[in-house]
4 protein chains.
Amino acid sequence: MTGTTPAVPSRSDAVRNRRLLLDAAAKTFAERGVEVSIGEIAQRAGVGKGTVFRHFSSKEELLAAIMLGMLDELVGTGTALLAEGDPGRALHAFMTAGVEIFVRDRAFCEVIGRPSLQNPQVRDAIDRLCDVAEALTARAREQGVVRPDVTGTDVALLLGGIQRTAESLLSAEPQAWRRYLELAFDGITTHTGRTLPHPPPRHLPLAAPAADHGR
Amino acid sequence: MTGTTPAVPSRSDAVRNRRLLLDAAAKTFAERGVEVSIGEIAQRAGVGKGTVFRHFSSKEELLAAIMLGMLDELVGTGTALLAEGDPGRALHAFMTAGVEIFVRDRAFCEVIGRPSLQNPQVRDAIDRLCDVAEALTARAREQGVVRPDVTGTDVALLLGGIQRTAESLLSAEPQAWRRYLELAFDGITTHTGRTLPHPPPRHLPLAAPAADHGR
Amino acid sequence: MTGTTPAVPSRSDAVRNRRLLLDAAAKTFAERGVEVSIGEIAQRAGVGKGTVFRHFSSKEELLAAIMLGMLDELVGTGTALLAEGDPGRALHAFMTAGVEIFVRDRAFCEVIGRPSLQNPQVRDAIDRLCDVAEALTARAREQGVVRPDVTGTDVALLLGGIQRTAESLLSAEPQAWRRYLELAFDGITTHTGRTLPHPPPRHLPLAAPAADHGR
Amino acid sequence: MTGTTPAVPSRSDAVRNRRLLLDAAAKTFAERGVEVSIGEIAQRAGVGKGTVFRHFSSKEELLAAIMLGMLDELVGTGTALLAEGDPGRALHAFMTAGVEIFVRDRAFCEVIGRPSLQNPQVRDAIDRLCDVAEALTARAREQGVVRPDVTGTDVALLLGGIQRTAESLLSAEPQAWRRYLELAFDGITTHTGRTLPHPPPRHLPLAAPAADHGR
DNA sequence: GATGAATGAGAATTCATTCAT
DNA sequence: GATGAATGAATTCTCATTCAT
């Protein structure tokens with residue numbers, strides 16, 4: 001209903017294959033990035049290439065399905081953390097979980113927030129992510145833990161930025177991202193009195209292709 | 001003298017074509033990223049494909065030449081800023097210049113700090129960049145503007161992270177990166193009393209291939 | 001099972017295409033030598049270029065498959081001739097069959113015994129060829145038909161030499177090679193009392209690249 | 001007069017460059033075969049690529065000039081050997097000198113007698129070579145040293161065949177060709193009573209392209 | 001439904017030859 | 001005359017996607 005591909009197949013072997021496929025694709029995309037060939041994913045899943053295209057009408061859509069899963073997992077984590085008593089601690093835990101996803105998954109880094117990923121379901125999931133990030137941020141802001149001009153979207157955007165900062169260190173120092181998470185956390189929690197120079201974004205617009213770079 | 005490719009050819013037509021080529025490549029890489037084909041760059045420069053390979057023995061080398069120019073420009077800016085009286089202001093200006101390069105150039109973002117870029121000259125330029133970043137950072141640190149546990153390499157790494165944070169906003173709001181630059185600057189200038197959780201990196205190791213992601 | 005490429009695909013269309021491909025490649029290599037492009041072979045087989053690479057992972061491998069077939073055919077002929085009562089006649093028939101392959105196939109001439117052909121299966125087939133040549137030669141030697149200092153490897157090497165001797169005559173006189181086969185056969189069967197000046201080779205070492213010529 | 005390229009340039013630097021070029025081309029072709037690029041030869045000669053084409057209107061023509069020199073050297077050797085008292089010894093020495101050229105020069109092997117080399121001057125030189133080979137062979141034949149049905153052209157053709165026989169051994173055993181020279185020499189000197197099955201060729205026809213294989 | 005075979009556009013790179021300097 | 005810059009056709013190989021089995 002949300003595309004050309006049935007969300008859930010009826011035959012039991014089809015259900016099983018879809019599961020195998022998602023698992024194999026998740027692992028392969030995570031390790032090798034979006035450039036992996038469909039053939040390799042199919043092989044790793046133990047199915048034929050045609051089966052991939054039966055379940056997902058394009059590579060793009062398969063990738064989107066994987067992203068969706070990760071985004072929703074993070075949304076779930078954030079939602080659960082809303083129950084945590086200490087708003088600052090909750091926000092920190094949420095950011096930790098978010099950066100961990102980026103650190104763990106190469107394809108996720110490569111496409112999240114990039115114009116190449118136009119899938120509407122993913123956009124919706126990103127909106128949900130911003131919402132839960134905003135909820136967590138609002139609590140912390142109200143308690144004075146976070147500076148008043150920082151939003152949930154800022155927080156969501158920072159996740160990828162933190163991973164990117166640490167990226168070249170990670171193979172030698174897999175935990176290096178924690179350093180930059182802390183730096184960023186200090187940046188948003190501290191109130192220096194200065195106001196941030198640019199108004200906070202409301203949505204992540206997934207810019208039109210080829211427009212996110214170059215003047 | 002700096003490799004297999006003469007840095008500057010002697011004949012006037014070659015000089016002119018090299019210039020056209022570098023300009024076209026810089027623009028094309030900046031706008032479209034490293035995936036652009038040599039054919040497109042050649043076309044844009046108004047020369048044949050073969051001419052590209054006469055001047056640069058591979059696509060990789062052409063890309064490295066472009067990167068080198070940008071890195072050295074930034075190193076020059078940083079060096080000049082060492083003469084600025086206010087260390088904090090100098091560091092801020094340096095970071096602004098750095099992020100601007102990332103924001104302007106898609107290919108730069110795609111390869112800096114990634115294992116795919118193994119060119120030794122580029123590595124040297126990155127070392128120089130870290131050196132000047134360290135010099136600027138040390139001055140600011142000594143004056144108490146920057147927290148004692150932040151290094152020049154941290155600062156260099158942050159440049160890409162700041163761009164990445166703003167990336168998806170830039171097509172709609174080209175100046176949005178300034179917001180995240182400020183956030184990051186606050187993060188490094190403020191001393192909350194907490195110590196950063198991971199020891200500061202000394203070098204940018206240009207991580208071993210295929211190891212910067214995945215578990 | 002004999003490498004990365006399945007020796008025989010299971011689907012009938014694949015079997016058919018593989019057959020078309022091998023036939024087209026064999027003919028084209030035979031007529032035009034190793035320099036023919038994959039595109040031409042594909043065209044001649046009536047398939048797309050990609051299909052060639054599906055069946056054989058590189059041009060090199062396709063060529064090796066063709067060579068292997070011819071070598072094994074000759075090994076089979078030699079083995080059958082071991083049952084022939086007259087050892088001299090059997091050896092002669094083997095050499096005839098061998099030179100005929102060289103005469104028929106340009107690519108075979110171009111790569112057999114050359115360092116460019118490193119395929120281990122082909123090397124094994126050449127070893128088998130030397131073995132059967134040695135078996136045939138030994139029988140003839142024991143009967144005094146062949147001089148005592150001539151080996152099976154000599155015989156194997158002579159096959160290419162005989163074709164090469166006649167090569168420039170063949171387009172005008174397709175049977176001219178028989179003349180030089182006879183000359184060579186007389187050379188190995190006669191015992192003049194003189195000893196050959198160089199010790200007989202045991203193996204065909206497939207010389208290290210770039211070392212088979214030049215001082 | 002024999003082409004578009006002046007046989008001998010008049011300016012002294014041109015004379016010198018032609019010499020440098022021929023020397024460099026001879027060495028390079030000998031070591032690396034006909035596939036070497038003109039650029040490499042030019043570099044080795046210390047001249048520009050354009051200079052090569054000023055002296056020789058195509059790569060083909062440069063190659064022919066080199067071949068010509070080697071053929072004429074061998075013709076000279078053969079002519080001198082006509083003065084040797086022992087006809088068998090003279091023929092043997094001639095063949096030794098001939099095979100040595102093939103062994104020493106990779107490009108020579110690759111093109112002599114092949115349809116790709118259509119140069120008329122080279123054809124004439126090959127005719128001269130056959131003539132001197134015939135003169136040497138005739139003397140030996142008349143003395144009963146060589147069988148009556150072997151001609152000078154047979155001898156000329158055998159030179160390449162002998163090299164080809166030994167080819168794959170030469171990197172490990174640089175003198176291995178002597179073994180096959182002896183075998184061939186025994187073949188032509190012995191008279192077994194059998195008659196060679198194919199009539200002797202008179203000329204080396206340099207077959208039309210693409211016709212020397214196939215069928 | 002599953003399979004994997006076929007396709008063919010597209011990429012980087014090489015090099016003989018031409019021609020402006 | 002000498003130079004070396006420019007050219008562009010040609011090559012091998014990859015891979016998302018389609019479709020016959």
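Residue numbering restarts at 1 for every chain, and letters A, B, ... go by the order of the sequence lines.
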Just the rounded figure in Å: distance from [atom2] of [N] to [atom1] of [X].
X: B:Arg18; N: F:dG4; atom1: CZ; atom2: P; answer: 16 Å
X: D:Glu40; N: E:dA16; atom1: CD; atom2: C1'; answer: 15 Å
X: C:Gln43; N: F:dA10; atom1: CD; atom2: P; answer: 13 Å
X: A:Phe56; N: E:dA2; atom1: CZ; atom2: C1'; answer: 15 Å
X: B:Leu20; N: F:dA6; atom1: CG; atom2: C1'; answer: 13 Å
X: A:Leu21; N: E:dT3; atom1: CG; atom2: C1'; answer: 13 Å
X: C:Arg54; N: F:dT14; atom1: CZ; atom2: C1'; answer: 13 Å
X: A:Arg16; N: E:dA2; atom1: CZ; atom2: C1'; answer: 12 Å

Would you check if the side chain of D:Glu110 reaches a backbone N or O of D:Val34 as a donor-acceptor pair within less than 3.5 Å? yes
OP1 or OP2 of [N] sitting under 4.0 Å from any side-chain N/O of [X]?
X: B:Thr51; N: F:dA5; answer: no
X: A:Asn17; N: E:dG1; answer: no
X: A:His55; N: E:dG1; answer: no

N/O contacts under 3.5 Å, protein versus nucleotides 16-19 of chain F?
| from | atom 1 | to | atom 2 | distance (Å) |
| --- | --- | --- | --- | --- |
| F:dA16 | OP1 | A:Lys59 | NZ | 3.0 |
| F:dA16 | OP2 | A:Ile38 | N | 2.9 |
| F:dT17 | OP2 | A:Lys59 | N | 3.2 |
| F:dT17 | O4 | A:Lys49 | NZ | 3.3 |

For D:Glu40, check side-chain hydrogen bond (donor to acceptor under 3.5 Å, both in side chains) against everything at least two apart and list the hits. D:Arg32
Residues that C:Arg16 engages under side-chain hydrogen bond (donor to acceptor under 3.5 Å, both in side chains), provided they are two or more places apart: none
Shortest side-chain distance from A:Val47, nucleotide among F:dT7, F:dA2, E:dT3: E:dT3
Heavy-atom side-chain contact between B:Cys109 and B:Arg106 under 4.5 Å: no
So do C:Phe56 and C:Leu63 actually touch side chain to side chain, heavy atoms under 4.5 Å? no
With sequence neighbours excluded, tell me which residues meet side-chain contact (heavy atoms from CB on, under 4.5 Å) with [X].
X: D:Asn17; value: D:Leu20, D:Val47, D:Thr51, D:His55
X: D:Arg19; value: D:Leu22, D:Asp23
X: D:Ala64; value: D:Asn119, D:Val122

Please work out the stems of DNA chain E from pairs that are Watson-Crick or G-U wobble with both distances under 3.5 Å, keeping only runs of three or more consecutive pairs. E:2-21 with F:2-21
Partner set under ring-ring contact (aromatic ring centres under 6.0 Å, His included) for B:Phe108, not counting sequence neighbours: B:Phe102
